[in-house]
Protein chains: 2
Amino acid sequence: MSQTLEQPHLDQLRNLCSTCSLSRLCVPMGLAEADVEQLDNIVQQGRPLRAGEHLFRADDPFNAIYAVRSGCFKSYIVDSEGHEQVLGFHLPGELLGLDAIYPEHHRCSAVALDTGSVCTLPYSQLTQLAARVPGLQSQIFRLLSKDISNYVELAADHTADERLAGFLLSLSARFRRRGYSATRFRLIMPRRDIANYLRLATETISRVLARFQHNGLIQVERRDVELLDLDGLRRTAGSLHIESLS
Amino acid sequence: MSQTLEQPHLDQLRNLCSTCSLSRLCVPMGLAEADVEQLDNIVQQGRPLRAGEHLFRADDPFNAIYAVRSGCFKSYIVDSEGHEQVLGFHLPGELLGLDAIYPEHHRCSAVALDTGSVCTLPYSQLTQLAARVPGLQSQIFRLLSKDISNYVELAADHTADERLAGFLLSLSARFRRRGYSATRFRLIMPRRDIANYLRLATETISRVLARFQHNGLIQVERRDVELLDLDGLRRTAGSLHIESLS
DNA sequence: CGCTATTTTGAGCCGCGTCAATACGGGTGG
DNA sequence: CCACCCGTATTGACGCGGCTCAAAATAGCG
């Protein structure tokens with residue numbers, strides 16, 4: 001809307017998968033260089049979103065899937081009683097909107113937790129390209145399959161300690177792959193969202209974090225955490241420390 | 001192994017998607033007739049499995065996805081402490097093994113709950129065909145996306161009553177689509193598996209079923225159930241009565 | 001410096017799990 | 001046909017993990 005004439009051009013330049021540092025963990029992962037250039041032709045960049053702005057909402061028509069470019073997004077559903085249910089937190093290189101393919105409309109909403117931007121992949125163009133580029137087709141299959149595994153983890157039956165330790169380890173691995181510290185990072189999301197995501201109460205998050213700190217597993221100050229004992233956290237997480245979640 | 005020479009030929013004939021009554025809710029759903037015939041060329045039929053026999057096990061190499069042809073299958077994972085976690089029950093027309101695409105090996109095991117058979121779709125042939133048949137590619141995207149929604153439901157935070165009512169309604173809708181009664185059916189799986197799937201204790205299943213019966217919602221006798229008050233069950237299920245689960 | 005949202009901490013309680021005993025049913029062999 | 005056995009299901013007693021309710025502490029912000 002209020003963009004200058006140069007703006008789209010600059011975005012275009014900045015927005016090439018070919019030159020994107022996230023490409024090794026996003027859609028272009030493993031694709032041949034020539035194939036990535038084909039992707040560049042259909043990827044669109046929107047304006048950055050500020051914290052609290054929605055990327056899409058439940059029941060919106062499904063037109064595209066999104067790849068997080070910067071910032072952190074939260075996806076969630078609101079059930080018939082109005083209760084929010086957080087489905088995931090999405091870091092740069094991760095995808096949003098995959099569950100909308102089948103019903104052809106969005107089932108969940110996606111909102112920016114801080115300032116962030118996404119790449120838009122128009123679905124019809126993406127499927128057409130995937131039919132011509134076998135590597136891309138396989139990659140989309142893989143990404144969809146990976147998403148299933150994420151939800152399987154979430155659906156598993158675990159104690160509060162296991163869930164929270166697994167959550168911290170998951171964030172740790174994901175930050176590490178993105179070039180950030182695996183042991184010191186900031187929890188972008190409020191306690192309330194962590195609790196909701198892990199199907200626990202906010203108070204339980206506070207208490208378990210306090211206990212982890214007391215036991216020397218972590219150092220936590222508001223939203224800044226430092227993981228002091230990764231092995232201890234892994235033992236606490238039990239079966240929830242699967243690296244593939246990153 | 002011990003098949004006669006005629007056996008494979010007979011299987012081949014019986015096994016055509018083109019003539020399969022399940023095709024409207026399986027992989028061929030919505031495909032053009034010519035495309036379904038292409039599918040016929042790659043679909044393989046294995047011998048029937050008896051109750052307790054495994055279709056695949058966790059860590060098996062991933063070669064194919066499977067479509068249930070008859071019977072009921074259970075998929076589950078076993079965590080590092082040896083605890084079983086049921087991921088789903090799979091009726092005719094439903095798929096198995098989708099979560100194995102990304103890691104290229106099976107993450108869960110699949111076992112027959114009663115005598116049943118599956119169609120085998122070799123993955124490399126399936127992807128090659130999907131690249132040539134746009135409708136098939138879209139259909140696989142849809143099926144993967146649908147699987148995500150199933151696990152989202154499972155991961156949601158619900159009471160024992162909601163979970164069990166939602167489970168009964170899900171079975172009801174799935175049986176109905178397959179031409180069976182939506183109100184009278186047999187629970188193929190033992191209480192223990194239902195409990196594990198719903199992340200509850202076996203005793204809780206018994207108690208809640210007994211209470212549902214006392215409240216006139218259902219009539220239950222061992223594994224035979226009759227749903228007496230569908231609306232009451234829907235109200236009990238709360239947000240877990242989404243038909244798309246079928 | 002007050003206002004508000006977030007986080008922490010405490011007290012009490014409840015749903016569901018655990019443990020244990022009993023009932024049921026289907027198969028097997030005499 | 002019955003006696004026996006064993007896996008499945010039911011029922012009861014009890015305890016605990018995590019939720020609810022309430023209030024205080026802390027941080028961010030105009």
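Letters go in sequence order (proteins before strands), and every chain restarts at 1.
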J.: Taking all non-hydrogen atoms of both residues into account, name the closest pair between D99(A) and S149(B) and its distance.
T.: O-OG, 4.0 Å
J.: Atom CG in D147(B), atom CG in L98(A): separation rounded to 0.5 Å?
T.: 13.0 Å
J.: If the threshold is 4.0 Å, N to carboxylate O, is there a salt bridge linking E94(B) and K146(B)?
T.: no
J.: Restricting to non-hydrogen atoms, name the atom on T202(A) and the atom on A195(A) that form the minimum distance, rounded to 0.1 Å.
T.: N-CB, 3.4 Å
J.: Between C1' on dT8(C) and CD1 on I194(A), what's the gap in Å once rounded to a whole number?
T.: 14 Å
J.: Rounded to the nearest 0.5 Å, what separation is found between the CZ atom of R199(B) and the OG1 atom of T204(B)?
T.: 14.5 Å
J.: Starting from C1' on dG17(D), measure out to CD1 on I205(A) and report it in whole angstrom.
T.: 14 Å
J.: Which whole-number value in Å describes the distance from D224(B) CG to dG25(C) C1'?
T.: 13 Å
J.: Which whole-number value in Å describes the distance from M189(A) CE to dT6(C) P?
T.: 14 Å
J.: Looking only at the side chains, is there a donor atom on one of S117(A) and S70(A) sitting less than 3.5 Å from an acceptor on the other?
T.: yes
J.: Give the ring-plane orientation class for H106(A) versus F56(A), where under 30° counts as parallel, over 60° as perpendicular and anything between as tilted.
T.: parallel
J.: OP1, OP2 of dA5(C) versus side-chain N and O of R192(A): anything below 4.0 Å?
T.: no
J.: May I ask you to verify if any side-chain N or O of S206(B) is less than 4.0 angstrom from the OP1 or OP2 atom of dA9(D)?
T.: no
J.: Are any protein N/O atoms closer than 3.5 Å to N/O atoms in nucleotides 27-30 of chain D? If there are, list each pair with its distance.
T.:
{"residue": "dA27(D)", "atom": "O4'", "partner": "R222(A)", "partner atom": "NH2", "Å": "2.8"}

J.: Touch check for L200(A), heavy atoms < 4.0 angstrom, all strands: base, sugar-phosphate only, or nothing?
T.: sugar-phosphate
J.: Answer with base, sugar-phosphate or nothing: what part of the nucleic acid does R163(B) contact at a heavy-atom distance below 4.0 Å?
T.: nothing
J.: I want to know whether Y197(B) and F89(B) have ring centres closer than 6.0 Å.
T.: yes
J.: Could you tell me whether A201(B) contacts a base, only the sugar-phosphate backbone, or nothing, with contacts defined as non-hydrogen atoms closer than 4.0 Å?
T.: base
J.: Looking at L95(A) and A67(A), what are the two nearest heavy atoms and their distance?
T.: CD2-CB, 3.6 Å
J.: Indicate the atoms forming the closest heavy-atom contact of N196(B) with Q85(B), along with that distance.
T.: OD1-CA, 3.2 Å
J.: When the distance from CZ of R223(B) to P of dT8(D) is rounded to whole Å, what number comes out?
T.: 8 Å
J.: Round to a whole Å and report the spacing from CG of L164(A) to P of dC19(D).
T.: 12 Å
J.: Of the candidate nucleotides dT10(D), dT8(D), dT6(C), which contains the atom at the shortest distance from the side chain of R191(B)?
T.: dT10(D)
J.: Look for any protein N or O under 3.5 Å of an N or O in nucleotides 11-14 of chain C and output each such pair with its distance, or none.
T.:
none

J.: Quickly work out the D161(B) CG to dC16(C) C1' distance and round it to whole Å.
T.: 11 Å
J.: Using atom CG of L209(A) as one end and atom P of dG18(D) as the other, report the distance to the nearest whole Å.
T.: 14 Å
J.: Return whichever of E203(B) or H158(A) has its heavy-atom-nearest nucleotide of DNA chain D closer to the 5' end.
T.: E203(B)
J.: What's the closest nucleotide to the side chain of T159(A) if the choices are dC16(C), dT18(C), dG18(D)?
T.: dG18(D)
